[in-house]
Peer 1: 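I am attaching a structure below and will ask some questions about it afterwards.
FYI, the numbering just counts along the sequence from 1. Values reported hereafter were calculated over all heavy atoms of this structure, with side chains retained and with hydrogens, waters and symmetry mates removed. Each ligand, and each atom within it, is numbered from 1 in the order the structure gives.
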Amino acid sequence: MRKVIGGKSIGGLAAMLPVFGAAGTCFAQRTQRAISDAPLVSFFYEEPLWIFCGMLAALLLGAVAFWRCWRQWRSKERRLRELLAHDRYTGLRNVTWLEQTGDALVRAHGGEAARMAVVVIKVVQPSIITATYGREALVTLFQRLGERLTGESWAALVATRTNAAGAACLTHPVEREDLQVALRRILADSEYLQVGHMLVRIPLEAGVCYLGAPPMDLNTAINNAGLAAQEAQPLCFFNSALQRETLLRSRMESLQQRALERREFHIWYQPKYDLVTRKCVGAEALVRWQSTELGFLPPGKFISLFESNGFITQLDFYNLEHVMQFQRDCKAKGLPVVPISVNQSRLHMREKGYLHHMRALVDRYTTEGIELELTETAFDFGSEAIREHSLAVVTALHAMGFAIDMDDFGSGYSDLSLLNQLPLDVMKIDRSLLLASEGSERMRIVLKMMIDLGHSLGMRVICEGIETEAQEELLRAVGCEYGQGFLYGRPMQRADFEAFLRAHA
Ligand code: C2E
Ligand code: MG
Ligand code: MG
């Protein structure tokens, strides 16, 4: 079956052909003629050469268009790759690039790769630096540090990660001692920075992880060096103990949620005593983790991890509810009800919905006999606005009926203005101050002045960590009325504490 194509559309096709120049014009004329007196198919049979040329030209045109698109796409891709390989603040290479490029370098070194290392340098408390001097200060610091590292003969690849306040470097094979000396020098030289008219000290910490044999992958080495940097004062080499610690932390992290559901967290109670009557006048609730997989874990093993991953906020609510329920049970059983303090992490101060959640608990139970312990670090977030917010949160908690304890007072920088700004009921003096007072008359004077200050601001004052009669005597002499410590009782399980209450309250 033959189909005749209308002269109009073929004419349109022919009209397009002049773009091919003279040959095109000729082809167009012939095509027009052919269309006028013969069906299209016969034209194809009559002019195969022209048809072939036309198709070839169209093909060429298509190929040129395709090539141009491909080139544009390639250059865009190259630009994107460049962007992805650079730290957008310093303009220097970033850690992603270091990982990608470093692999080949490590392979090229063969057996020598065991002596290659990853160095991670970080700013200590970057949020405070950014809040005080602005991000520009960090950017300048890392630009300088990056350039300095690049100039070192042992540095193979250097990268910065300004938004994580860190720099990383993959070294050539280098001896540990040489690296140690060089890094100490770099840290000392780099931590001073001119910001405007001021010379500012920005403390740095460095962690090092050797790749070992067979060499570990770079991502792991960077993580390990980062972990070592956290332990650094100011320089730390990653070792097997840190590795075990890392493994434990990652196991704890993967088990934390299930542990909460399985009720593996237990509250232990440590009595608080009246130093004069020597009677139990309260207790502190302290959490322990009885893990099916990891065994018994004291809070020193997991609190800092849960603070860093945020899980502590859930755990604190769980503990608080547990203690509120305990108080309700004591009342129901006719046991003496003494105030119990519960630790609250600093993270709650910036947690959305914290007050709402606390309100719901208060509505379900009561704040009677519940104290909340906060440390100074809860108000140590750098910016004035955040500090103001924290103060408002504590004021709201107090208004709900919770008594507020200032925990570990005297262990940090002891911001006395906090005592004035916060609605505090109890000052808990840190054990370190008690220990320092034992050996120093001057520290005893400081301790006494702190206790007097607490009293004159209307607070009850309790000292933590009393282990000996001599310490108790010292505290009585300086006017402290309450104490907590192994001398009176270690943290104990619920049943033991109930028995303790019957005997001592
Ligand atoms: P903290 O709140 O300052 O608790 C006092 C710590 O001192 C407890 O350690 C207690 O067992 C210990 N201690 C008490 N008396 C003595 C003593 O006479 N000598 C010595 N050397 N130590 C004594 P623990 O139970 O290991 O708790 C450590 C820290 O973990 C607590 O310090 C607190 O900051 C945190 N923590 C414990 N439970 C919780 C919790 O439920 N939530 C939060 N956010 N933190 C908690
Ligand atoms: Mg406490
Ligand atoms: Mg304490």
Peer 1: Counting only heavy atoms, which portion of Leu487 has something under 4.0 Å from ligand 1: side chain, backbone, both, or neither?
Peer 2: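 No part of Leu487 is near ligand 1 at this cut-off.
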
Peer 1: Applying a heavy-atom cut-off of 4.0 Å, say which part of Leu315 lies close to ligand 1: side chain, backbone, both or neither.
Peer 2: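 None of Leu315 does.
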
Peer 1: Is the ring pair Trp289/Phe265 parallel, tilted or perpendicular, if the boundaries are 30 and 60 degrees?
Peer 2: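 If you compare the ring of Trp289 with that of Phe265, the planes turn out tilted.
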
Peer 1: Please write down residue, atom name and distance for the protein heavy atom closest to atom 42 (N) of ligand 1.
Peer 2: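 Answer for atom 42 (N) of ligand 1: Asp316 OD1, 2.8 Å.
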
Peer 1: Taking non-hydrogen atoms only, is Asn343 closer than 4.0 angstrom to ligand 1 via side chain, backbone, both or neither?
Peer 2: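 For Asn343, backbone and side-chain atoms both sit under 4.0 Å from ligand 1.
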
Peer 1: Would you mind listing which atoms of ligand 1 come within a distance below 4.0 Å of any non-hydrogen atom of Ile312?
Peer 2: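 Answer for ligand 1: 44 (N).
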
Peer 1: Can you find a protein heavy atom closer to atom 20 (C) of ligand 1 than 4.0 Å?
Peer 2: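 Protein heavy atoms within 4.0 Å of atom 20 (C) of ligand 1 - there is at least one.
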
Peer 1: Counting from 1, what ligand 1 atoms have a heavy atom of Ile466 closer than 4.0 Å?
Peer 2: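 Listed by number with element: 18 (O).
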
Peer 1: Can you tell me the protein heavy atom closest to atom 35 (C) of ligand 1 and the distance?
Peer 2: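 Here the closest protein heavy atom is Ile303 CG1, 4.2 Å.
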
Peer 1: Taking all non-hydrogen atoms of both residues into account, name the closest pair between Leu98 and Leu218 and its distance.
Peer 2: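 Closest approach of Leu98 to Leu218: O-CD1, 3.9 Å.
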
Peer 1: Assess, by modelled atom type and distance only, whether the side chains of Glu321 and Tyr365 contain a donor and an acceptor separated by less than 3.5 Å.
Peer 2: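 There is such a pair between these side chains.
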
Peer 1: Can the ring centroids of Phe500 and Tyr269 be said to lie less than 6.0 angstrom from one another?
Peer 2: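 No; Tyr269 has its ring centre 6.0 Å or more from that of Phe500.
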
Peer 1: As a quick check of understanding, evaluate salt bridge (charged side-chain N to carboxylate O under 4.0 Å, His left out) for Arg476 and Glu473, giving each step before the final call.
Peer 2: CA-CA 5 Å; Arg476 261 201 301 262; Glu473 191 45 52; 3.1 Å; yes

Peer 1: Where on Glu284 is there a heavy atom closer than 4.0 Å to ligand 1, on the side chain, on the backbone, on both, or on neither?
Peer 2: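 The part of Glu284 near ligand 1 is the side chain, not the backbone.
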
Peer 1: Write down the atom of Phe142, the atom of Thr90, and the distance for their closest heavy-atom approach.
Peer 2: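 Smallest interatomic distance, heavy atoms only, reads CB-CG2, 3.9 Å.
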
Peer 1: Could you see which bit of His322 sits under 4.0 Å from ligand 1, with heavy atoms only: side chain, backbone, both or neither?
Peer 2: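 None of His322 does.
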
Peer 1: Have a look at ligand 1 and work out which part of Pro298, if any, has a heavy atom under 4.0 Å from it: side chain, backbone, both or neither.
Peer 2: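 No part of Pro298 is near ligand 1 at this cut-off.
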
Peer 1: Quick check on contacts: which atoms of ligand 1 are under 4.0 angstrom from a heavy atom of Arg288?
Peer 2: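 With Arg288 as reference, the close atoms of ligand 1 come out as 25 (O).
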
Peer 1: Should we count CE of Met400 as having more than 12 external heavy atoms under 6.0 Å?
Peer 2: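 Atom CE in Met400 is packed in, count exceeds 12.
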
Peer 1: I'd like to know if Glu441 pairs up with Arg444 as an ion pair, taking the criterion as any Lys NZ or Arg NE/NH1/NH2 lying under 4.0 Å from an Asp or Glu carboxylate oxygen.
Peer 2: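 A salt bridge links Glu441 with Arg444.
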
Peer 1: Could you please tell me which protein N, O or S atoms lie under 2.8 Å from the Mg ion (ligand 3)?
Peer 2: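 N, O, S partners closer than 2.8 Å: Asp407 OD1, Asp408 OD1, Glu464 OE1, Glu464 OE2.
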
Peer 1: Parallel, tilted or perpendicular, judged at 30° and 60°: which one describes the rings of Phe306 and Phe311?
Peer 2: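 Perpendicular: the ring planes of Phe306 and Phe311 meet at over 60°.
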
Peer 1: Are any of the N/O atoms on Val287, whether in the backbone or the side chain, positioned under 3.5 angstrom from an N/O atom of ligand 1?
Peer 2: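 Looking only at distances, the answer is yes, because the N/O contact criterion of under 3.5 Å is met.
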
Peer 1: Scan the protein's non-hydrogen atoms and note whether one is under 4.0 Å from atom 39 (C) of ligand 1.
Peer 2: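 Looking at atom 39 (C) of ligand 1, one finds that a protein heavy atom does lie closer than 4.0 Å.
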
Peer 1: Among protein heavy atoms, which lies nearest atom 15 (N) of ligand 1, and at what distance?
Peer 2: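 The protein heavy atom lying closest is Gln270 NE2, 2.9 Å.
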
Peer 1: Any chance the side chains of Asp87 and Thr162 put a donor and an acceptor closer than 3.5 Å?
Peer 2: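 Judged by distance alone, the side chains do pair up.
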
Peer 1: Answer yes or no: is there an ion pair linking Glu498 with Arg494, defined by an N-O contact shorter than 4.0 Å?
Peer 2: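 Yes, this pair counts.
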
Peer 1: Please report whether ligand 1 has a polar contact with Asn319, defined as an N or O pair separated by less than 3.5 Å (distance criterion only).
Peer 2: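 Right, the criterion is met.
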
Peer 1: Can you name the closest pair of heavy atoms from Val338 and Gln327 and give their distance?
Peer 2: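 In terms of heavy atoms, the two residues are closest at O-NE2, 2.9 Å.
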
Peer 1: Using a plain distance cutoff, I'd like to know if Gly300 has any nitrogen or oxygen under 3.5 Å from a nitrogen or oxygen of ligand 1.
Peer 2: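 For ligand 1, there is no N or O atom that lies under 3.5 Å from one belonging to Gly300.
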
Peer 1: Which heavy atom of the protein is the closest neighbour of atom 31 (C) of ligand 1, given with residue, atom name and distance?
Peer 2: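 Nearest neighbour among protein heavy atoms for atom 31 (C) of ligand 1, to 0.1 Å: Leu286 CD2, 4.2 Å.
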
Peer 1: When you look for heavy atoms under 4.0 Å from ligand 1, do you find them on the side chain of Lys428, its backbone, both, or neither?
Peer 2: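 Lys428 to ligand 1: no contact under 4.0 Å from either part.
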
Peer 1: Is atom 6 (C) of ligand 1 touching the protein, meaning some protein heavy atom lies under 4.0 Å away?
Peer 2: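 No.
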
Peer 1: Under 4.0 Å between a Lys/Arg side-chain N and an Asp/Glu carboxylate O for Glu464 and Arg431?
Peer 2: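 Looking at Arg431 together with Glu464, the answer is no, because their closest N to O distance does not fall below 4.0 Å.
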
Peer 1: Closest non-hydrogen protein atom to atom 24 (P) of ligand 1, residue and atom name please, with distance?
Peer 2: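 Result: Pro299 CG, 3.6 Å.
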
Peer 1: Counting non-hydrogen protein atoms only, what is the nearest one to atom 16 (C) of ligand 1? Give residue, atom name and distance.
Peer 2: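 That would be Phe486 CE2, 3.3 Å.
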
Peer 1: Would you say that Glu472 contacts Tyr488 through its side chain, given a criterion of any heavy-atom pair below 4.5 Å between the two side chains?
Peer 2: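 Counting from C-beta outward, Glu472 and Tyr488 do come under 4.5 Å.
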
Peer 1: Looking only at distances, can you tell me whether any N or O atom of Asp407, backbone or side chain, sits closer than 3.5 Å to an N or O atom of ligand 1?
Peer 2: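 Min N/O separation from ligand 1 is below 3.5 Å for Asp407.
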
Peer 1: Find all atoms of ligand 1 within a distance of less than 4.0 Å from any non-hydrogen atom belonging to Glu467, and give their numbers and elements.
Peer 2: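 Those of ligand 1 that fall under 4.0 Å from Glu467 are 17 (C), 18 (O), 19 (N), 20 (C), 21 (N).
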
